[in-house]
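In what follows, a single structure is set out as structure tokens and then discussed.
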Amino acid sequence: MNGEILIPLGFFSFLLAIVYLALRKRERMKMINQGMDPAASNTGLESTLQLRLGLIFIGIAVGFLLGDIFSSLHWLKEWVAYISMVTIFTGIALIVSYYLINKIPPRDRKE
């Protein structure tokens, strides 16, 4: 896994981010043209979503790192190391985000 899959994956995710931001800008511009306040329609999920996504990306990165270490030490086959470590640490990140979000009092939570 010398980058033959990571480079196209990174490029694809970059394109998705650009399309998402362009669509979001278009939606906000339509709201402004109709006289609505774009901030008023904000659901408030950004804080919990950002926490969850941040922890997921950290889990994926740690999974790739440990998968690389395990495969280079020949403890596991390469494909098993990457898949298992990314899956395990992404799951751990989701569990941690669940407990962190539930620790926030409901009145302070923007959901």
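The first residue in the sequence is number 1, and the count goes up from there. Values below: every heavy atom of this structure, side chains too, minus hydrogens, waters and symmetry copies. Model, not experiment: these values are computed from the prediction.
- Taking hydrophobic clusters as Ile, Leu, Val, Met, Phe, Trp and Tyr residues chained together by side-chain heavy-atom distances below 4.5 Å, Leu65 shares a cluster with Leu73.
- In the hydrophobic clustering of ILVMFWY residues, with side-chain heavy atoms under 4.5 Å counting as a link, Val62 and Ile95 come out apart.
- Heavy-atom minimum distance, Glu78 versus Ser71: CA-CB, 3.8 Å.
- Under a hydrophobic-cluster definition in which Ile, Leu, Val, Met, Phe, Trp and Tyr are linked whenever side-chain heavy atoms come within less than 4.5 Å, directly or via other members, Leu53 and Leu16 are assigned to different clusters.
- In this structure, Tyr82 OH and Leu66 CG are separated by 11.0 Å, a value rounded to the nearest 0.5 Å.
- Annotation: the span from Ile58 atom CD1 to Phe89 atom CZ amounts to 12.5 Å, rounded to 0.5 Å.
- The two atoms that bring Val86 and Ile60 nearest to each other are CG2-O, 4.0 Å, heavy atoms only.
- Using a 4.5 Å cut-off on side-chain heavy atoms (C-beta onward), Ile32 and Met36 make no contact.
- Under the 4.5 Å side-chain heavy-atom criterion for ILVMFWY residues, no single connected hydrophobic cluster contains both Tyr98 and Ile101.
- Considering CZ of Phe64 and OG1 of Thr90, their distance stands at 8.5 Å, rounded to 0.5 Å.
- There is a path of hydrophobic side-chain contacts, each under 4.5 Å, that joins Phe70 to Ile83.
- Note that the CG atom of Leu55 and the CD1 atom of Ile92 stand 11.5 Å from one another [nearest 0.5 Å].
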Carefully, step by step, assess Leu76 and Ser84 under the rule side chain to side chain contact (heavy atoms under 4.5 Å, CB included). CA-CA 10 Å; Leu76 294 171; Ser84 63; 4.3 Å; yes
